[in-house]
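One structure is given here, and the rest of the page talks about it.
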Amino acid sequence: MRTIYNMIYLLLMVSVFISCGKEDIEAESTSIIADYPLISHFDDVSGNNPAINQQNVVFEDQSIFIDGNYLWDDDTGSVLWTSVIEKWDLDDFKISLDFKLVEWPQRYKPILVLGNSKRWGMISVSPLGFMNSAFHDIPPQKENNTIEKVETNEWHKLLIEYSSDQSRFEVYLNDNRVILKENFQIIHGGDQTLAAHHGGLGIIFHGNWKNLKIY
């Protein structure tokens, strides 16, 4: 009899575990707004948005490779940006991206630009390899550099979190917080796009991207 009770208890526990697992997966799938694996195509696999717009971006190392030359300065250069992401709440969001740098740039270059037109935020890398944050279409400033450097030729995970209610903007590199701005409000102008380039400065990321997601 005890064996039967033990088997029933085990079956109940397995059922609860499976049920919780499904709910967690469903919760994540409904919370994701855009999901671009960028392994073999430019599509949003969440089905919520059009494919990423790009020119002269190629696939390499199970990711996309961006050559670091801005298209309108170099006919063989590149551009890459998303269409409007309709469901993106600009006042409360998370963005994650895996990236790999080819080299530290001769001048500041973006890792990710928030707002292709308004350029209301930019995470970039300095000539000495430091991460940098800039906002509201203001060029990167040295005083905004982090103390952490971004090593070249290896994959890194970038995570950006923003809450207008908490007036808080955070950036994580490989799960370590490297940027924190408190009592801070973004003036985004409703620009619900992302880009690999900053058109006003004529600069573009140099390296590889994959797994761009917005929550």
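The structure presented is a predicted model; accordingly, all values stated were derived computationally and were not measured. Atom set for the values below is all heavy atoms of this structure, side chains included, hydrogens, waters and symmetry mates excluded.
- Listed here is the closest heavy atom pair of Phe59 and Ile39: CD2-O, 3.4 Å.
- Looking only at atom types and distance, the side chain of Ser46 has a donor-acceptor partner in the side chain of Asp44 under 3.5 Å away.
- Side-chain atoms of Asp43 do not come within 3.5 Å of backbone N or O of Val45 as any donor-acceptor pair.
- The CD atom of Glu161 lies 11.0 Å from the CG atom of Leu180; values are rounded to the nearest 0.5 Å.
- Contact of the Leu80 side chain with the Ile52 side chain is registered, since non-hydrogen atoms from C-beta on lie closer than 4.5 Å.
- Rounded to the nearest 0.5 Å, atoms CD1 (Ile138) and CE (Met122) are 11.0 Å apart.
- Residues His206 and Glu103 are in side-chain contact: their nearest non-hydrogen atoms beyond the backbone lie under 4.5 Å apart.
- Counting heavy atoms from C-beta on, the side chains of Phe205 and Val113 never come closer than 4.5 Å.
- Residue-environment remark: CG (Leu128) exceeds the threshold of 12 foreign heavy atoms within 6.0 Å.
- Shown here for Ile204 and Ser78, the closest heavy-atom pair between the two residues is CD1-O, 3.0 Å.
- Note on ring orientation: taking the six-membered ring where Trp is involved, the planes of Phe99 and His156 are tilted (angle from 30° to 60°).
- No side-chain donor-acceptor contact under 3.5 Å links Ser96 and Asn211.
- For the pair Asp137/His198, a side-chain contact is recorded, criterion being any heavy-atom separation below 4.5 Å from C-beta on.
- Looking at every heavy atom in both residues, Glu86 comes nearest to Gln192 through O-NE2, 3.2 Å.
- Val178 and Leu97 fall within the same hydrophobic cluster, defined by Ile, Leu, Val, Met, Phe, Trp and Tyr side-chain heavy atoms under 4.5 Å apart, directly or through other members.
- Within the 3.5 Å criterion, the main-chain N or O of Gly190 finds no donor-acceptor partner in the side chain of Trp120.
- Side-chain atoms of Arg119 and Leu201, non-hydrogen and from C-beta on, never get closer than 4.5 Å to each other.
- Asn48 contributes no side-chain N or O that, together with a main-chain N or O of Ala34, makes up a donor-acceptor pair within less than 3.5 Å.
- Among all heavy-atom pairs drawn from Phe130 and Thr146, the shortest one is CD2-O, 3.1 Å.
- Ring geometry for Phe93 versus Tyr162: interplanar angle of 30 to 60°, hence tilted.
- For the residue pair Gln185 and Ser164, a side-chain donor N or O sits within less than 3.5 Å of a side-chain acceptor on the partner.
- Summarising the local packing, CD of Gln106 is surrounded by 12 or fewer heavy atoms from other residues, nucleotides or ligands at distances under 6.0 Å.
- Phe65 and Leu38 fall into different hydrophobic clusters, defined by Ile, Leu, Val, Met, Phe, Trp and Tyr side-chain heavy atoms under 4.5 Å apart, directly or through other members.
- Panel note: side chain Gln55, backbone Val79; no donor-acceptor pair is recorded below 3.5 Å.
- Both Phe135 and Leu90 are part of a single hydrophobic cluster, where members link through side-chain heavy atoms under 4.5 Å apart.
- When side chains are defined from C-beta on, Ile123 does not count as touching Asn132, because their heavy atoms never get closer than 4.5 Å.
- Scanning both residues, Leu112 and Ala195, for their nearest heavy atoms gives CD1-O, 3.7 Å.
- In this pair, His197 and Tyr70 present their aromatic rings tilted. The plane angle is within the 30 to 60° band.
- The heavy-atom pair separating Ser83 from Asn53 by the smallest distance is OG-ND2, 3.2 Å.
- In the hydrophobic clustering of ILVMFWY residues, with side-chain heavy atoms under 4.5 Å counting as a link, Leu173 and Tyr108 come out apart.
- The closest side-chain donor-acceptor pair between Thr193 and Asn116, if any, does not fall under 3.5 angstrom.
- For the atom pair Asp98 CG and Ser63 OG, the distance stands at 9.5 Å (nearest 0.5 Å).
- The main-chain N or O of Ile33 is found under 3.5 Å from a side-chain atom of Asn49 such that the two form a donor-acceptor pair.
- Counting heavy atoms of neighbouring residues, nucleotides and ligands inside a 6.0 Å radius, atom NZ of Lys157 exceeds 12 of them.
- With hydrophobic clusters built from ILVMFWY side chains whose heavy atoms lie under 4.5 angstrom apart, Leu159 does not share a cluster with Leu212.
- By the 6.0 Å contact criterion, CG on Asn153 is enclosed, its count of non-hydrogen atoms from other residues, nucleotides or ligands being greater than 12.
- Of the candidates Lys181, Arg177, Lys94, Arg177 is the only one forming a salt bridge (charged side-chain N to carboxylate O under 4.0 Å, His left out) with Glu170.
- Heavy atoms of other residues, nucleotides or ligands lying less than 6.0 angstrom from NZ of Lys149 number more than 12.
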